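A short worksheet on the structure shown next.
Only a predicted model underlies this, so the values are computations on that prediction, with no experimental measurement involved. FYI, the numbering just counts along the sequence from 1. Below, each value reflects all heavy atoms present in this structure, side chains not excepted, and no hydrogens, waters or symmetry copies. Atoms within a ligand are numbered from 1 in the order they appear, just like the ligands themselves.
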Amino acid sequence: MSLNKLIDSLSTQGWYVWDDFLNLSEIQAIKSCIPEKLHDARIGNGESLQDNKTIRGDQTIWLESEMGAPIAEYMAKMDVIRQALNQQCYMGLRDFETHFCRYPNGAFYKKHVDNFQGQGRRKVTTVLYMNEAWQRGDGGELVVYDHQDNKLFQLDPLAGRMIVFMSEEFPHEVLPTQQKRESIAGWFLTEKIL
Ligand code: OGA
Ligand code: MN
C-alpha cells in the first residue's frame, strides 16, 4: 500500500513520489471548485510584487474544506497521511495548510527551500499535480537538489501525481513552463494554524 511506502521512503530518503494519488475525475472535481480569480503569489516579508515576480510567477488561492466536497475529500486524505506520520514516525504534525497554484505560460519558481532549518513551522511539503494533457517538452518540471547543490531528480507535473518531501532538506525549483501549469502545494505544520 502506498501509505506504507510513503512512510518508509520519507523516513529513509526524505521524499516520495506517489503516482495516481488521485484519479482524473477527482482532479477534475477539485478544479471545478477553484474560482477563476487567484492572487499573485507572495514570498517572504518585505518583497515588492515586482521583486517577487523574478522569483515566482504563479498565482495562488488558499484552500478550505468549505470550497466544496472534492476539496474536503482531499483535505481528509491528507489528514490520514498526517496521522500516519505522527503515529509511525513521531513527526508531531499538528496542522496542514494548502493552496492551489496556477503558473501561466512562461512562469517559473526559482530555487528555494520551503522552510529553513528550525526557522518555521513547515515540516513536510506536498505538491499534487493537476496537468492532464502534459507532454514531454512542456517544461514546468520540478527539480530537487540536496544542500550540497547536487541535483537529485527531476519530475514531470503529471495529473494525479503527488510528491512529498521533508521541507527543510531539499532545495527545489520549478523550471519555466510552456503551458498553463496547475498544482496544489501543501505543508504539514508543527504548529496549529490560529
Ligand atoms: C512551492 C513549490 C513546486 C511545484 O509551491 O513552494 O515549490 O512543483 N512548488 O509546484
Ligand atoms: Mn517550494
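By the criterion of a heavy-atom distance under 4.0 Å, the side chain of D114, and not its backbone, is placed next to ligand 1. At a heavy-atom cutoff of 4.0 Å, ligand 1 is contacted by no atom of E173, backbone or side chain.
Neighbouring protein atoms of the Mn ion (ligand 2) (N, O or S, distance under 2.8 Å, waters ignored): H112 NE2, D114 OD1, H172 NE2.
Between K111 and Y145, some side-chain heavy-atom pair lies under the 4.5 Å cut-off. With contacts defined as side-chain heavy-atom distances shorter than 4.5 Å, the pair Y129/D156 does not qualify.
The six-membered or imidazole ring of F165 lies near that of H172, with a centre-to-centre distance under 6.0 Å.
Near W187, the atoms of ligand 1 lying under 4.0 angstrom from a non-hydrogen atom of the residue are 6 (O). Shown in contact with H172 at under 4.0 Å from a heavy atom are these atoms of ligand 1, numbered in order with element: 2 (C), 7 (O). Atom numbering of ligand 1 starts at 1 in the shown order; those under 4.0 Å from a heavy atom of L142 are 3 (C), 8 (O). Near S183, with a cut-off below 4.0 Å to any heavy atom, the atoms of ligand 1 are 10 (O).
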Could you walk me through whether D149 and H147 pass the side-chain hydrogen bond (donor to acceptor under 3.5 Å, both in side chains) test, one step at a time? CA-CA 5 Å; D149 213 27; H147 279 303; over 6 Å; no
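For atom 8 (O) of ligand 1, the closest non-hydrogen atom of the protein is Y129 OH, 2.6 Å. Atom 10 (O) of ligand 1 has as its closest protein heavy atom R181 NH1, 2.9 Å. Closest protein heavy atom to atom 1 (C) of ligand 1: Y109 CE1, 3.7 Å.
For C101, the closest heavy-atom approach to ligand 1 does not fall below 4.0 Å.
Remark: the backbone N or O of M130 is paired with a side-chain donor or acceptor of K31 at under 3.5 angstrom. When atom types are taken as modelled, the side chain of Q83 and the backbone of V80 share no donor-acceptor pair closer than 3.5 angstrom. In this structure, the side chain of N131 does not engage the main chain of W134 through any donor-acceptor pair within 3.5 Å.
Between H112 and ligand 1, at least one pair of N/O atoms sits closer than 3.5 Å.
The closest heavy-atom contact to atom 3 (C) of ligand 1, among the options I184, V174, N115, comes from V174.
Taking the ring axis of Y16 as reference, the NZ or CZ atom of K5 does not stay both within 45° of it and closer than 6.0 Å to the ring centre. For R181 and Y103, the positive end sits near the middle of the six-membered ring, less than 6.0 Å away and at most 45° from its axis.
L24 is not connected to F100 by any chain of hydrophobic side-chain contacts under 4.5 Å among Ile, Leu, Val, Met, Phe, Trp and Tyr, and they are in different clusters.
Side-chain contact annotation: Q28 with E132, donor-acceptor N/O pair under 3.5 Å present. Between the side chains of Q59 and D40, at least one donor N or O lies within less than 3.5 Å of an accepting N or O.
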